[in-house]
S.K.: 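Mind looking over this structure? Questions follow.
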Amino acid sequence: MASAIMLTGCGADTATNEDASVTVMVVQSSDQLSVDKMVWTKQVEKDCGCTIKWQRVDANSFQQQRSTILASESVPDISISGFGYDEAQKFPYFEDLAQHLDDMPNVKEYLEQIPTARTLTENENGNMYVLRSYMGKGYAVPAQYLMINKTWLDKLGLDLPTTWDEYEQVLEAFKTKDPNGNGKQDEIPLDLRKLDTGFFGWWNPFLLLNSLGITTHFGSGPASQGIYVSNGTVGNFMIDARFRQVIEYLHTLMDRNLIPKDALTKDISKYSAELNSDGKTPLVGSAFGWGASDFGTTFEDQYVALPTLKANASDPESNLTWDASGDTYSFTGGISMSAKTKNKEAAYKIINSLFSEKLSVQQFRGSIPEWVTDEGNHRYKVSERFWDTSTMGTREAIEGGFAGWIPDNVEWEDEINIDRQKKMNDAYLDDYANIDATRDVMPANARPTSEQLTTLSNNNTAIFDYAITKIATWIVKGGIDGEWDEYAKQLKALGIDDNVAIWQEAYDKATKN
Ligand code: MG
């Protein structure tokens, strides 16, 4: 495959003959200190016995630069959060790291201890051109929940709702009974993020499918295309009667002014502003999101996660599920190495150093001892100022964009995000118990062939162009009764059943033996 493409570039900008340096490009978010100024990088340099040229690239501009770099046939010696599995499969520029695990004992141990890390990026020939990072067991959560203002419920003398009907009644009370106590009927009972147009993204209201026995996986994988698995059988919820039920329910809520009429199209910035309100008087009663801190730190304590609601009071508990993305949310960022790197031995040492416990911890939450205290015996304490918004731009951490492995025996203190996630996630433990991790979830290594991926991509463009407008119209204006059959027929004509067959094949291949 590699030989079929003529390589003419020589990577002259990333390494020169006269020095033995290694260029490490790090794609960073704009609110982080530039990587070359982070103190922990000195240890990596010491470990490799080489000179490292740290190269910071802004995440926003990298979106455009990525294709230019790939077209130039010259990728940096090492890229952190630069390239993913698909790109590394398509472009033959990357070193097969699976061949060099003996040069990287930390990586070798990582892949042994966390098998999913291997299946995530190993292709069918056993090549690994990219390694994903692992944030640790504290992030084995879906990071998407339905939250509700418990302070308002208490004030109104209401219990946590357990069914769609009860939830609607609670929202009605939020609307009419002034739970924020400012004498105005200004409450937004349920706020929704706008719908993505070409896929189902994070924090979308179709998480309610979990009320009806469809286990969602919106954090990764083909759930973004409507694909789900139930007892080993793949389906697409976009043409499932249960999806229709969720749309009808959302329409009922919107029709009763329990969801703002502009919710599905309004800017994310306006949505966030509503969640955060003025920092004194909360406005929003309920929302789908990452966690209670979505509402701002002053309101954070008021919100709790709602266990999966029953669609009907008579539904069996065993029918309830919740988003299963906890199997992949811990995996993030990633690292790749150019096959043309001149100083390969040093590059392996760099990767090995980054995947050590100490360097992983420091990349994630900052240099020791300035930002993180090493308490010994795999215990680390994050400094208070790491969480202070005023330190943004000076934090010595590349956070979720890091290249490393935080082993499951690491214990954190004041890792506030883990504590935040645990609080939310614990609400769903009974719901998770109804999910069969193999029979109800698309495995991370289910991969259609490149030809099939093209078919999926083409079909989905047409499917979503047509469907999302319909779905949004039904939620806002209703009318699904007279149009559903025609819509389902149309999606079949656009190849939705072919997509299901492709994913069934990928599922079967990934789960056999
Ligand atoms: Mg009010």
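We use all heavy atoms of the structure for the numbers below, so side chains are in, but hydrogens, waters and symmetry mates are not. For the single chain, residues carry numbers from 1 onward in sequence order. Quantities reported herein were computed from a predicted structural model and do not represent experimental measurements.
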S.K.: Would you call K90-D86 a salt bridge at under 4.0 Å N-O?
M.R.: no
S.K.: Does the side chain of M442 reach to within under 4.5 Å of the side chain of P222, using non-hydrogen atoms?
M.R.: yes
S.K.: For D278 and K280, indicate whether the former's side chain and the latter's backbone hold a donor-acceptor pair under 3.5 Å.
M.R.: yes
S.K.: Looking at D426 and K422, does any basic side-chain N land under 4.0 Å from a carboxylate oxygen?
M.R.: yes
S.K.: Please identify each residue that fulfils side chain to side chain contact (heavy atoms under 4.5 Å, CB included) with Q43, with sequence neighbours left out.
M.R.: K46, D47, L359
S.K.: Using a strict cut-off of less than 4.0 Å between a Lys/Arg side-chain nitrogen and an Asp/Glu carboxylate oxygen, indicate whether D191 and K266 qualify as a salt bridge.
M.R.: yes
S.K.: Where is the tightest heavy-atom contact between Q32 and R56, given as atom of each residue plus distance?
M.R.: O-NH1, 3.0 Å
S.K.: Check whether any side-chain heavy atom of Y110 lies under 4.5 Å from a side-chain heavy atom of N106, and answer yes or no.
M.R.: no
S.K.: Give a yes or no answer on whether the side chain of S360 reaches the backbone of I406 with a donor-acceptor pair at less than 3.5 Å.
M.R.: no
S.K.: Determine yes or no for a side-chain-to-main-chain donor-acceptor pair under 3.5 angstrom, with S272 supplying the side chain and S269 the backbone.
M.R.: no
S.K.: Which heavy atom in R447 sits nearest to a heavy atom in T121, and how many Å separate them?
M.R.: NH2-N, 3.6 Å
S.K.: Could you pull out all donor-acceptor pairs under 3.5 Å where a side-chain atom in residues 287-298 meets a protein atom, sequence neighbours excluded?
M.R.:
residue : atom : partner : partner atom : Å
W290    : NE1  : Y329    : OH           : 2.9
D294    : OD2  : W290    : N            : 2.9
T298    : OG1  : G279    : O            : 3.4

S.K.: Should the ring pair F174 and W152 be called parallel, tilted or perpendicular, given that the plane angle runs from 0 to 90° and is split at 30 and 60?
M.R.: perpendicular
S.K.: Please check if the side chain of Q113 supplies one atom and the backbone of E109 the other of a donor-acceptor pair under 3.5 Å.
M.R.: no
S.K.: Can you find a pair of side-chain heavy atoms, one from T373 and one from I368, that are under 4.5 Å apart?
M.R.: no
S.K.: Under 6.0 Å from the NZ atom of K177, do we count more than 12 heavy atoms belonging to anything else shown?
M.R.: no
S.K.: Hey, could you give me each pair passing salt bridge (Lys or Arg N to Asp or Glu O under 4.0 Å) that has a residue in residues 206-226? Not counting sequence neighbours.
M.R.: none
S.K.: Would you check, one step at a time, whether the test side-chain hydrogen bond (donor to acceptor under 3.5 Å, both in side chains) holds for Y428 with T321?
M.R.: CA-CA 8 Å; Y428 300 90; T321 65; over 6 Å; no
S.K.: Considering only residues two or more places apart or on different chains, which pairs with a residue in residues 26-69 satisfy ring pair (Phe, Tyr, Trp, His ring centres under 6.0 Å)?
M.R.: W40-W54, F62-F83
S.K.: So, do N204 and R193 sit near enough that their side-chain heavy atoms are less than 4.5 Å apart?
M.R.: no
S.K.: Could you walk me through whether E396 and S367 pass the side-chain hydrogen bond (donor to acceptor under 3.5 Å, both in side chains) test, one step at a time?
M.R.: CA-CA 6 Å; E396 290 185 34; S367 298; 2.4 Å; yes
S.K.: Is it the case that more than 12 heavy atoms not belonging to D154 sit under 6.0 Å from its CG atom?
M.R.: yes
S.K.: Begin with the C-alpha distance, continue with both residues' side-chain angles, and end with the deciding distance and a verdict on side-chain hydrogen bond (donor to acceptor under 3.5 Å, both in side chains) for T332 and S133.
M.R.: CA-CA 5 Å; T332 171; S133 304; over 6 Å; no
S.K.: Tell me, yes or no, whether the heavy-atom count around Q63 atom CD, taken from other residues, nucleotides or ligands under 6.0 Å, exceeds 12.
M.R.: yes
S.K.: Filter on salt bridge (Lys or Arg N to Asp or Glu O under 4.0 Å), then keep only pairs touching residues 317-329, sequence neighbours left out; what's left?
M.R.: K310-E317
S.K.: Y507: which residues meet the ring pair (Phe, Tyr, Trp, His ring centres under 6.0 Å) condition with it, sequence neighbours left out?
M.R.: none
S.K.: How about Q55 and V26: do any of their side-chain heavy atoms sit closer than 4.5 Å?
M.R.: no
S.K.: Under the 6.0 Å and 45° cation-pi test, does R385 pair with W371?
M.R.: yes
S.K.: Are the side chains of V382 and I416 in contact, using a 4.5 Å heavy-atom criterion?
M.R.: no
S.K.: Can you tell me how the ring of F364 sits relative to the ring of W412, calling it parallel under 30°, perpendicular over 60° and tilted otherwise?
M.R.: tilted
S.K.: Both conditions, 6.0 Å and 45 degrees, for the charged tip of R365 above the ring of Y380: are they met here?
M.R.: no
S.K.: Can you name the residues that form a ring pair (Phe, Tyr, Trp, His ring centres under 6.0 Å) with W503, not counting sequence neighbours?
M.R.: none
S.K.: Is it true that a side-chain atom of S286 and a backbone atom of M147 form a donor plus acceptor pair closer than 3.5 Å?
M.R.: yes
S.K.: Show the nearest heavy-atom pair for residues N182 and D186, with the distance to one decimal.
M.R.: ND2-OD2, 2.5 Å
S.K.: Say whether, by atom type as modelled, one donor and one acceptor occur between the side chain of N127 and the main chain of D96 under 3.5 angstrom.
M.R.: no
S.K.: Does the pair F299 and V284 meet the rule for a side chain to side chain contact (heavy atoms under 4.5 Å, CB included), with working shown?
M.R.: CA-CA 10 Å; F299 302 143; V284 174; over 6 Å; no
S.K.: Is there a side-chain hydrogen bond (donor to acceptor under 3.5 Å, both in side chains) between N210 and T216 once you walk through the steps?
M.R.: CA-CA 7 Å; N210 292 290; T216 65; 3.0 Å; yes
S.K.: Using a 3.5 Å distance criterion without hydrogens, assess whether the side chain of W387 forms a donor-acceptor pair with backbone atoms of D414.
M.R.: yes
S.K.: Pairs in or reaching into residues 300-309: which pass salt bridge (Lys or Arg N to Asp or Glu O under 4.0 Å), with residues at least two apart or in two chains?
M.R.: E300-R420
S.K.: I need the full list of side chain to side chain donor-acceptor pair (under 3.5 Å) pairs touching residues 401-411, with sequence neighbours left out, sorted by first then second residue.
M.R.: Y134-D408, K137-E411
S.K.: Under 4.0 Å between a side-chain nitrogen and a carboxylate oxygen: does that hold for K349 and E345?
M.R.: no
S.K.: Looking at N417, is its backbone amide N or carbonyl O close enough to the side chain of E415 to form a donor-acceptor pair, meaning the two atoms are under 3.5 Å apart?
M.R.: yes
S.K.: Are Y129 and Y85 close enough that their ring centres sit under 6.0 Å apart?
M.R.: no
S.K.: For the residue pair N149 and Q302, what are the closest heavy atoms and their distance?
M.R.: ND2-OE1, 2.9 Å
S.K.: Less than 4.5 Å apart, any side-chain heavy atom of Q89 and any of N123?
M.R.: yes
S.K.: Just wondering, do L306 and L160 contact through their side chains at under 4.5 Å, heavy atoms?
M.R.: yes
S.K.: Please list, chain by chain and in numerical order, all residues satisfying salt bridge (Lys or Arg N to Asp or Glu O under 4.0 Å) with K358, sequence neighbours excluded.
M.R.: D374
S.K.: Is R66 salt-bridged to E87, cutoff N-O under 4.0 Å?
M.R.: yes
S.K.: What closest approach, in Å, do D77 and S21 show between heavy atoms, and which atom pair accounts for it?
M.R.: OD2-O, 4.1 Å
S.K.: Looking at every non-hydrogen atom in both residues, tell me the closest pair between S325 and G219 and how far apart they are.
M.R.: OG-N, 2.8 Å
S.K.: Main chain of G201, side chain of S224: is a donor-acceptor contact present, judged purely on distance under 3.5 Å?
M.R.: no
S.K.: Keeping S330 on the side-chain end and G136 on the backbone end, is there a donor-acceptor pair under 3.5 Å?
M.R.: yes
S.K.: Going by salt bridge (Lys or Arg N to Asp or Glu O under 4.0 Å), name the residues that satisfy it together with E112, two or more places apart in sequence or in a different chain.
M.R.: none
S.K.: Are the charged groups of K108 and D102 less than 4.0 angstrom apart, N to O?
M.R.: yes
S.K.: I'd like to check the salt bridge (Lys or Arg N to Asp or Glu O under 4.0 Å) partners of E375; sequence neighbours left out, ordered by chain and number.
M.R.: R379
